[in-house]
Q: 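If you scroll down you'll find the structure; I have some questions about it.
Order of listing sets the numbers, starting from 1, for every ligand and every atom in it.
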Amino acid sequence: MSFEDLKPKVTLILTDKNDSITDRMQKVCQLLKDSIDYYDWVGFYFRNGDKEELVLRTYVGEKTDHTVIPFGKGICGQVAVSNKNFVVPDVQAQDNYIACSLTVKSEIVIPLFKNGENIGQIDIDSETPDPFTEQDERFLEFVNQEVAKIL
Ligand code: SME
């Protein structure tokens, strides 16, 4: 399914007030994983109050031990500090990387802004080497903007 076809589905899920906000985000994770063949793990991390750490709120894919990530650590922790998209074509080439699974080859992390503040991020792991393009970045920025609207 194309990103353009996915966008209205994402919006529909996120605006369904019959579900809790976390359940809606969970459904978006599932939709993305099911629809894009190189998305193997999809999750949302958020800043833990005033602490300089991220907490995993919801995800689909292999179970992970990394439910709390300090700012600055790993790809996720770096994005919490940089406020910038981080596309990793080859995770093995990264020094500051937290491995969740040995099968993961690449990763993309896009910060999520609410009122201009970096409050969290969407994180996607892929078992395909170097699959992410600017189209993924634009699409995931859209997803995060839609999530921000309901937070
Ligand atoms: N690889 C991430 C850790 C989170 S897992 O991908 C679920 C990182 O380096 O921050």
Q: Measure from the side-chain N and O atoms of Lys33 to the backbone N and O of Trp41, and report whether any donor-acceptor pair falls under 3.5 Å.
A: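 No, because the side chain of Lys33 does not come within donor-acceptor range (under 3.5 Å) of the backbone of Trp41.
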Q: Look only at interatomic distance and state if Ile75 has a nitrogen or oxygen under 3.5 Å from any nitrogen or oxygen of ligand 1.
A: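 Among all N and O atoms of Ile75, at least one is under 3.5 Å from an N or O of ligand 1.
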Q: Which atoms of ligand 1 are found less than 4.0 Å from any heavy atom of Asp123?
A: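 Once the distances to Asp123 are compared, the set is 4 (C), 5 (S), 6 (O), 7 (C).
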Q: Quick check: is Met25 connected to Ile122 through a chain of hydrophobic side chains (ILVMFWY, heavy atoms under 4.5 Å apart)?
A: yes
Q: Taking a cutoff of less than 4.0 Å between a non-hydrogen atom of the residue and any ligand atom, is Tyr59 in contact with ligand 1?
A: no
Q: Tell me: protein heavy atom nearest atom 3 (C) of ligand 1, and distance?
A: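 That would be Ile98 O, 3.6 Å.
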Q: Just one of Asp136, Asp34, Thr128 clears the side chain to side chain donor-acceptor pair (under 3.5 Å) bar with Tyr39, so which one?
A: Asp136
Q: Given that the side chain starts at C-beta and the backbone is N, CA, C, O, which of these parts of Val109 lies under 4.0 Å from ligand 1, counting heavy atoms, or is it both or neither?
A: neither
Q: Relative to the heavy atoms of Tyr45, which atoms of ligand 1 are at a distance of less than 4.0 Å?
A: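 Every atom of ligand 1 under 4.0 Å from some heavy atom of Tyr45: 4 (C), 7 (C).
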Q: Polar contacts were defined as any N/O atom of the residue lying under 3.5 Å from an N/O atom of the ligand; does this apply to Gly77 and ligand 1?
A: no
Q: With heavy atoms under 4.0 Å as the rule, classify the contact between Trp41 and ligand 1 as side chain, backbone, both or neither.
A: side chain
Q: Provide, to 0.1 Å, the distance between atom 6 (O) of ligand 1 and the closest protein heavy atom, together with that atom's residue and name.
A: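 Going atom by atom, the protein heavy atom closest to atom 6 (O) of ligand 1 ends up being Asp125 OD2, 2.8 Å.
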Q: Taking Leu31 as the fixed residue, which of Ile36, Val60, Val42, Ile13 is the one that meets the side-chain contact (heavy atoms from CB on, under 4.5 Å) rule?
A: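 Running side-chain contact (heavy atoms from CB on, under 4.5 Å) over Ile36, Val60, Val42, Ile13 with Leu31 returns exactly one hit, Ile13.
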Q: Looking at ligand 1, would Glu107 count as a contact under a 4.0 Å heavy-atom criterion?
A: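 The answer is yes: ligand 1 sits under 4.0 Å from a heavy atom of Glu107.
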Q: Just to verify, which of Gln26, Arg24, Lys27 counts as forming a side chain to side chain donor-acceptor pair (under 3.5 Å) with Asp19?
A: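 Single pass found, and it is Lys27.
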Q: Considering only heavy atoms, does Cys100 approach ligand 1 within less than 4.0 Å through its side chain, its backbone, both, or neither?
A: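 Only the side chain of Cys100 comes within reach of ligand 1.
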Q: Honestly, is Lys7 close enough over Phe139, meaning NZ or CZ under 6.0 Å from the six-membered ring centre and within 45° of the axis?
A: no
Q: May I ask you to check if Arg57 and Phe46 form a cation-pi contact, with NZ or CZ under 6.0 angstrom from the six-membered ring centre and within 45° of the axis?
A: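 Yes, Arg57 lies over the aromatic ring of Phe46.
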Q: State whether the shortest distance between N or O atoms of Gly74 and N or O atoms of ligand 1 falls below 3.5 angstrom.
A: no
Q: Quick one: do Val143 and Ile150 end up in the same hydrophobic cluster if we chain Ile, Leu, Val, Met, Phe, Trp and Tyr together by side-chain heavy atoms under 4.5 Å apart?
A: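 Per the 4.5 Å side-chain linkage, Val143 and Ile150 are co-clustered.
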Q: Assess the residue pair Thr103 and Ser101 against the criterion (side-chain hydrogen bond (donor to acceptor under 3.5 Å, both in side chains)); give the C-alpha distance rounded to whole Å, side-chain angles, the decisive distance to 0.1 Å, and a yes or no.
A: CA-CA 5 Å; Thr103 56; Ser101 155; 2.7 Å; yes
Q: For ligand 1, indicate whether the residue Phe86 contacts it via side chain, backbone, both or neither (heavy-atom separation under 4.0 Å).
A: neither
